[in-house]
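The next block holds one structure in the form of structure tokens; read it before the comments.
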Amino acid sequence: MTFTPAVKAILDNYESDNPGTKANIARILTHGRLGGTGKMIILPVDQGFEHGPARSFSVNAPAYDPHYHYQLAIDAGLNAYAAPLGALEAGASTFAGQIPTILKVNSSNSWATSIDQAVTGTVDDALRLGCSAIGFTIYPGSDGIFEMMEEIREMSAEAKAAGLATVIWSYPRGGKLSKDGELALDVGAYAAHMAALLGAHIIKVKLPSNHIEQKDAQKSYEGSDWSAQADRVRHVVQSCFNGRRLVVFSGGAAKGTDAVYQDARDIRDGGGNGSIIGRNTFQRSRDDALAMLDRLVRIYKGEE
Amino acid sequence: MTFTPAVKAILDNYESDNPGTKANIARILTHGRLGGTGKMIILPVDQGFEHGPARSFSVNAPAYDPHYHYQLAIDAGLNAYAAPLGALEAGASTFAGQIPTILKVNSSNSWATSIDQAVTGTVDDALRLGCSAIGFTIYPGSDGIFEMMEEIREMSAEAKAAGLATVIWSYPRGGKLSKDGELALDVGAYAAHMAALLGAHIIKVKLPSNHIEQKDAQKSYEGSDWSAQADRVRHVVQSCFNGRRLVVFSGGAAKGTDAVYQDARDIRDGGGNGSIIGRNTFQRSRDDALAMLDRLVRIYKGEE
Amino acid sequence: MTFTPAVKAILDNYESDNPGTKANIARILTHGRLGGTGKMIILPVDQGFEHGPARSFSVNAPAYDPHYHYQLAIDAGLNAYAAPLGALEAGASTFAGQIPTILKVNSSNSWATSIDQAVTGTVDDALRLGCSAIGFTIYPGSDGIFEMMEEIREMSAEAKAAGLATVIWSYPRGGKLSKDGELALDVGAYAAHMAALLGAHIIKVKLPSNHIEQKDAQKSYEGSDWSAQADRVRHVVQSCFNGRRLVVFSGGAAKGTDAVYQDARDIRDGGGNGSIIGRNTFQRSRDDALAMLDRLVRIYKGEE
Amino acid sequence: MTFTPAVKAILDNYESDNPGTKANIARILTHGRLGGTGKMIILPVDQGFEHGPARSFSVNAPAYDPHYHYQLAIDAGLNAYAAPLGALEAGASTFAGQIPTILKVNSSNSWATSIDQAVTGTVDDALRLGCSAIGFTIYPGSDGIFEMMEEIREMSAEAKAAGLATVIWSYPRGGKLSKDGELALDVGAYAAHMAALLGAHIIKVKLPSNHIEQKDAQKSYEGSDWSAQADRVRHVVQSCFNGRRLVVFSGGAAKGTDAVYQDARDIRDGGGNGSIIGRNTFQRSRDDALAMLDRLVRIYKGEE
Amino acid sequence: MTFTPAVKAILDNYESDNPGTKANIARILTHGRLGGTGKMIILPVDQGFEHGPARSFSVNAPAYDPHYHYQLAIDAGLNAYAAPLGALEAGASTFAGQIPTILKVNSSNSWATSIDQAVTGTVDDALRLGCSAIGFTIYPGSDGIFEMMEEIREMSAEAKAAGLATVIWSYPRGGKLSKDGELALDVGAYAAHMAALLGAHIIKVKLPSNHIEQKDAQKSYEGSDWSAQADRVRHVVQSCFNGRRLVVFSGGAAKGTDAVYQDARDIRDGGGNGSIIGRNTFQRSRDDALAMLDRLVRIYKGEE
């Protein structure tokens, strides 16, 4: 176990948490090839819920099997694997103790008629499956945001009491937000800040564009140059209690490997804590995915 | 009891379940004439709720009596009998121990003004009636799907803790779905996958057509020939964690026996785990139903 | 106590119930002048809630007093008395042990702006008031039917656990139903069947007309002659698990005594289990009501 | 303590209540200058909630202080004092044991956008503040009436179990009711009857006009002369289980003292149990209020 | 500790509270440079939730760090620090015991599509973080006010039982209120009064204008001159049970220091209990903020 000063410094920021929760944050931070660096790569596989099985897995058929993802995350030396209830249940015993897992406790799908998610897992599920954390999505801006916040407040309190960590996926959507606004810098930083205020231990947001959505916020961004992605990452980190909370970034839809590597360098250079990367891994062949993840690990280690 | 290697292999896929739940899955898989084969035929009788008593039973009046269905399922050597609360209560003692039962815990009806169901039974009911599983319908695509998912999450968690199995009827309906879309291949596979992610032990879907409903999913289905029903069944099985979850198919409205037999052969050849067949049995005379079920058993046994 | 073979045969149909619930069903079936016959007359007084006090009682002013109804039911030798919370509380001690009582646990009123009822009593209330059963109204067809079903599921489960019986008033109303449809034969039989599936011990429906409401159900009723009320009663009885559940009929608004007697004969001849008769009793003078009830008892005894 | 035969006779009507609740009803009936007469005057001060502080108290500034009202009720020798949570909390200790109190557990306000109230106090609050009863408003006729009924059912059951009494303010409003209808005789009697059926120990309604609102109820009121207010009171008393439940009347907005005295005489002559009188007291100077209350006491004692 | 007669007199007004809650009110009143005076200055930092991080903190970047605010409140000698869950969690251990804290348990945000707040913290959170009170916002006038009242009733009851104090932010908004009405004198006094009736220990309102919003309230304000802010403060204090409840005032958006000082003098002269002042502190440099707070302290001490 790589319990380094970097990890110790991060844990010290979680000053109100009990030893159980700190231990689970530490488990994620000390596991895998990035263990001890303060950086993380997490494999999330909830696309089957969000987009359906064929759109997610037909391009790489072995990925229909939940065991495939466990094994990929383990073999790539990642920090953690995140998935919905059924997918974790299907491998929780086989892979018990081999990699920290995060139970994604709410989910949406392509046929949803409202901007919302169903709560499909619980803290008790996370405990019986040996998970280190629960993961929960909020949609700031949506009509249902207050109810989503109340759901995660309740589940997060329960998780903290049980010694688990809480990861919040904070994805602005709906309501008064324009389509561009969903990825705007001000909106993304605000979304990250709200997740921090809600008590998240790890915050997951999308890499923001340099669009500013809210008129009242324009003034606060004027006079600075936001064209560099690393600077935008740095602003998000600042918005997460000036770096007192871990923040990881998702890369979105599958894209070329060069773009993936550049994102990782920007996250690293802006002080972000890592990547949460799904479709860009399991929608490639296993060999290609392992090669790409190897290079991402080296980027986060500062080796390239 | 026919606890065969085939059954053992299936149970091994339920690796996160407690011995109680595994035992109840085993009870269904080892009971009746298909016991031990890994195939199942289940008799479901909830049409009185869904369509009313006269439309369901007038064509075969003895079927007004709940005992009729218990006896039919027993005499045909089926794996299990599924029905709503009142119907099971009316025979639970008389037939205790003679066939595994599934309590259908939610129900709709012909006069419903929303695409939803009422929860009409509980896990406690299932336990006091000696059932092996609860059955729950979700309507992916409907406005109420998130709430339905939250209901089954709660009931399923309770069932698992009590050592019962969970069967999910996943029937796409409403919302953005076209009428054709309800039976589309992509939609059906997605519906089955969602049931798996929700933690179902046994998934019940309709036999899908070769229509593809979702534009974004077209690409994933191009380049394959989906005209053979067995291939469509195989895709649904693949969508259920690559076969790690049991999936059974319903045949829909009463139809000719030849069509019923062909469906069964396609399910068998596509790797499906069996049939759940209601109106096609009890809307025939008892003798005709027994003859038909006998042939279905032989088809699943590969004897014809 | 008249614990006859007829009563024993009826109780045997409640094969999943605990001895406490069976005893309470037996209390109703063995009490009064029809005790032991398998037939029942129940006095329900919830019209004060449904229509207001003046419309209910001004024609017979002593009926403003809740004691009046207890005494009427006792003196007429009826099987049970049913009323809402406040009305039972006002006499529960005075008449304790003199007649089985049914707590009507939900109620509507003339000023309601939705087709629904408020839950105004509980199983705990029924227990502390010494009742033998709870009574609950559902409105099949209404927008709120799923919620009503979920309310009675919960209360009925609680009642069964506490050794009480459940009576369901199943009154089709609202939604897609036409006004004629509320009394249609197919709708009434369906409503009775749903009450049975919900686990009711005693089902209360209105006497159906020979109108068939649902197009899809027409075929099932063709070829039979439904002009005789006794035949329609028989179909409702058949729809209640082929007679495995007790079903009683209400007569509606106050009318001439001859019509009341004819209804009773039809119920008896069609195999129904009796009458639940309110306004036709307490909206007459006490002497007239007692005379009428005496004759109804004799009709159910087959004495005229 | 003035535990007279009149009080004993009233308590006997509460035959299903436990000794704790009976004792609290008795506390109210035996306290103050009307103690033992079976008549009551209650001071309610919730106008600050309903109309705001300035409209309620600016005309008599000492009334801004919650202690003022406690002291006024005590000095006038009234039976009880009723107020919302904060107002009782502000004096509960100072005046403990000096006068029975009623915690008004729900409240509306002038800015409300729906015809409803918020539940702002609980039975536990009533117990820790030493109250004898809870008070709850329902709005028969409003869209929210079913939910309000379910709230008071739950709170009333809790109160009864804890030995407290329940007072229901039954104020018809909204829905299909015309403005005149809110004070109509049929509507008021119906509202009082519903409160009785809900299990109220003390019913509070407004003095009804001789308007009849409901077409279907016209017939029941024809042939009687309803022009005398005492007769209308008598009909309301009759509608409260023929006098088995205590019913008190409110006088509405501040008005001349002669009108207040006449109301009291009509209530007394019609068999009502007293007045609940707020604005007509605290919106006068303390001396005027005491003089007026002194005369009301003498009216209820039959001394003038 | 400065437990002065002034503090004792204030505590005596909370006569229904348990010693734990009194002790926590005393902690706030006796802490800091105003300790013992009966006056308070509270630092609230929930603007990150309400307006986003950049709009709140970019003008003074160190304020992105939650520790900054704890330290500012401590160094300025304030009475208490109030913030949402995540922000308190980030410093609760480092600053434990150095200043009383208030957990702001509900929050809104700039992207909200309804006039409401999410409950984002609990009494249990407040206890585990060592807070002295919970803070809750209500929006009198909004469509959701009844539900907000029911939320704070429940949380406040829980807080009182656990020995914590309750602070209610009462901010009229929405519904029938005009924009001017949100700050109107009648509306503000009414809002403060409702908070008092809801059982708040400390009431926070905005400084009211001399606009009168409600037609029915005009009469009550006629004949007095409301042009002096101190007089308007005095009316609000009067509306808080004639001074039996602590009331503090917020200053709104950042503005010139002279205006801030004048507000404080008016609050002091009108008998208010102090200021709750956020943006006007942390949106200045730390030195400027400390200088301004020093002067505010001296104003409340009557030293200038």
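Values below: all heavy atoms of this structure, side chains included; hydrogens, waters and symmetry mates excluded. To find a chain, count down the sequence lines: A is the first, B the second, and so on, and within it residues start at 1.
- Within 6.0 Å of CD in C/Glu154 there are 12 or fewer heavy atoms belonging to other residues, nucleotides or ligands.
- Highest contact tally toward chain D, considering only C/Gly48, C/Ala92, C/Ala118, is held by C/Ala118 [criterion: heavy-atom pairs under 4.5 Å].
- Interface residue D/Ala196: only backbone heavy atoms are found under 4.5 Å from chain C.
- For the options C/Asp116, C/Thr122, C/Leu129, C/Leu88, heavy-atom pairs under 4.5 Å to chain D are most numerous at C/Asp116.
- To the nearest 0.5 Å, atom CG of residue C/Leu85 and atom OG of residue D/Ser156 are 7.0 Å apart.
- Counting heavy atoms from C-beta on, the side chains of C/Asn109 and D/Met149 come closer than 4.5 Å.
- The two atoms that bring C/Pro53 and D/His193 nearest to each other are CG-CB, 3.7 Å, heavy atoms only.
- Residues C/Glu151 and D/Glu150 form a side-chain contact, since some pair of their non-hydrogen atoms from C-beta on lies under 4.5 Å apart.
- Here C/Val119 is the residue among C/Val119, C/Asp125, C/Thr113 with the most heavy-atom pairs under 4.5 Å with chain D.
- Residue D/Glu147 qualifies as open at atom CD: its count of foreign heavy atoms under 6.0 Å is 12 or below.
- Neither the backbone nor the side chain of C/Tyr68 comes within less than 4.5 Å of any heavy atom in chain D.
- The side-chain heavy atoms of C/Val59 and D/Ser220, taken from C-beta on, include no pair separated by under 4.5 Å.
- C/Asn106 is not listed as a side-chain neighbour of D/Phe146, based on a closest heavy-atom distance of 4.5 Å or more.
- Proximity of a side-chain donor or acceptor of D/Lys219 to a complementary backbone N or O of C/Arg55 within less than 3.5 Å is not detected.
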### Task
Evaluate the side-chain contact (heavy atoms from CB on, under 4.5 Å) criterion for residues C/Phe49 and D/Leu198: first the C-alpha distance (whole Å), next the side-chain angles of each, then the deciding distance (0.1 Å), finally the verdict.
CA-CA 9 Å; C/Phe49 234 135; D/Leu198 288 168; 4.0 Å; yes
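- Of the inter-residue distances, the one linking D/Glu222 atom CD with C/Ser58 atom OG reads 10.5 Å to the nearest 0.5 angstrom.
- Counting heavy-atom pairs closer than 4.5 Å to chain C, the top residue among D/Met148, D/Gln218, D/Lys160 is D/Lys160.
- Of all heavy-atom pairs between D/Phe241 and C/Gly86, the closest is CE1-O, 3.2 Å.
- Residue contact with chain C, scored on non-hydrogen atoms closer than 4.5 Å, involves the side chain of D/Tyr221 exclusively.
- Shown here for C/Ala61 and D/Gln238, the closest heavy-atom pair between the two residues is CB-NE2, 4.3 Å.
- Checking side-chain atoms of D/Tyr190 against main-chain N and O of C/Ala54 turns up no donor-acceptor pair under 3.5 Å.
- We find the OG-NZ distance between C/Ser110 and D/Lys176 to be 8.0 Å, quoted to the nearest 0.5 Å.
- Of the residues considered (D/Gly175, D/Ser239, D/Ala195), D/Ser239 shows the highest number of contacts with chain C, using heavy-atom pairs under 4.5 Å.
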### Message
Checking C/Glu89 against D/Arg244 for the salt bridge (Lys or Arg N to Asp or Glu O under 4.0 Å) test, could you report, in this order, the C-alpha distance in whole Å, the side-chain angles of both residues, the deciding distance, and whether it holds?
### Response
CA-CA 11 Å; C/Glu89 286 184 329; D/Arg244 289 184 186 273; over 6 Å; no
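- Between C/His51 and D/Asp216 the shortest side-chain heavy-atom distance does not fall below 4.5 Å.
- When the heavy atoms of residues 138-145 of chain D are compared with those of chain C, the residues falling under 4.5 Å are D/Gly141, D/Ser142, D/Asp143, listed by number.
- C/Trp111 has its side chain within reach of D/Gln214: a pair of non-hydrogen atoms, C-beta onward, lies under 4.5 Å apart.
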